Amino acid sequence: MAPHDFLADEFEGHRPHLKAVAYRMLGSLAEAEDAVQEAWLRLARSDAGAIGNLGGWLTTVVGRVCLDMLRARKGRGEEPLEAHLPDPVVSREDRADPEQEVLLADSVGLALQVVLESLAPAERLAFVLHDMFGLPFEEIAPIVDRTPATAKKLASRARLRVRGAAPASDSDQAGQRRVVDAFQAAARDGDFDALLAILDPDVVLRADGGELTGGLRITRGAAAVSRQAMAFRRAAVVGHRVLVNGIAGLVSTMEGKPVSVMSFTVAEGRIVAIDLLADPERLSRLHLTDLPG
């Protein structure tokens, strides 16, 4: 095997992990792919024989690339990503996808990705690389041009924000599904009282319809979210059971065409957060095919 082919094979073995790092850093599946591809280009231009720990080297490179991309967003004065929902990762409940399992390892759902979008770039990198992927602060520090002690403080600040803002979903997936099924039935039947019983009093609905709705809209409170759920009832819409970022979710279709992806965070048997993506342009890029009935 030629040296280049051997290096390419080695890189492919690390690709799922690198994409997982990049997705948590960027919240965009397409940009995560771009970051991973940039890491490959840098590896191909480097003296690979001098790299002692290829996995660690690649993780560091992807982290640095993602940090540059986050800073470039701010430098261009783009609308912050927290004004939109991150890309959801949608999979079937009845069919495991090894690459997606790596992508979502240790994830607590789309709600966590929403909170990560609000962190400063250096905080996000320190938290993601240390808390999610176990990289030592000594290796994180050079990426953010800080000392290890300062990198540790960055991660600590991010951790406090995540714990305070990202609700942890019940780990029982069957229990999650029962609650989501009950929500779907109550919304379909127009049962306001049943919806109130399923929703946490402080539930948050984040709905992103893209340009159609002006980006992200947030609704708070069980009564307001129940009214929203009933307002969007349409007989022609079919809900399909899926996993969204590893937890119970729904893809809704109309005449076979996806119209929304919904992720539900269920805590202690009640829905505490709903994340709904209904942006037609972004839905078209998710390749929502082969949905269960």
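Residue indices begin at 1 and follow the sequence shown. Please read these numbers as outputs of a predicted model, since none were measured by experiment.
- Using a 4.0 Å cut-off between charged side-chain N and carboxylate O, Asp87 and Arg285 make no salt bridge.
- A salt bridge is absent between Glu138 and Lys152; no separation between the charged side-chain nitrogens and carboxylate oxygens falls under 4.0 Å.
- With a 4.5 Å cut-off on side-chain heavy atoms, Ile271 and Thr265 do not count as touching.
- No donor-acceptor pair under 3.5 Å is formed between the side chain of Glu31 and the backbone N or O of Leu26.
- In this pair, Phe11 and Trp40 present their aromatic rings tilted. The plane angle is within the 30 to 60° band.
- Side chains of Val128 and Phe133 form a contact here, defined as non-hydrogen atoms less than 4.5 Å apart.
- Side chain to side chain, Ser252 and His240 fail the donor-acceptor criterion of an N or O pair below 3.5 Å.
- Between the Asp172 side chain and the Ala174 main chain, a donor and an acceptor come within less than 3.5 Å of each other.
- In this structure the side chain of Phe264 never reaches within 4.5 angstrom of the side chain of Val244, judged on heavy atoms.
- With respect to Arg15 and Glu33, a salt bridge is recorded, a charged nitrogen being found less than 4.0 Å from a carboxylate O.
- The neighbour count for Glu12 CD, taken as heavy atoms of other residues, nucleotides or ligands under 6.0 Å away, is above 12.
- Note on Val203: it clusters hydrophobically with Ile198, by side-chain heavy-atom contacts below 4.5 Å among ILVMFWY residues.
- Asp275 places no side-chain N or O within 3.5 Å of a backbone atom of Ser263 that could act as its donor or acceptor partner.
- For the salt bridge (charged side-chain N to carboxylate O under 4.0 Å, His left out) test, no residue two or more places apart in sequence or in another chain qualifies with Arg220.
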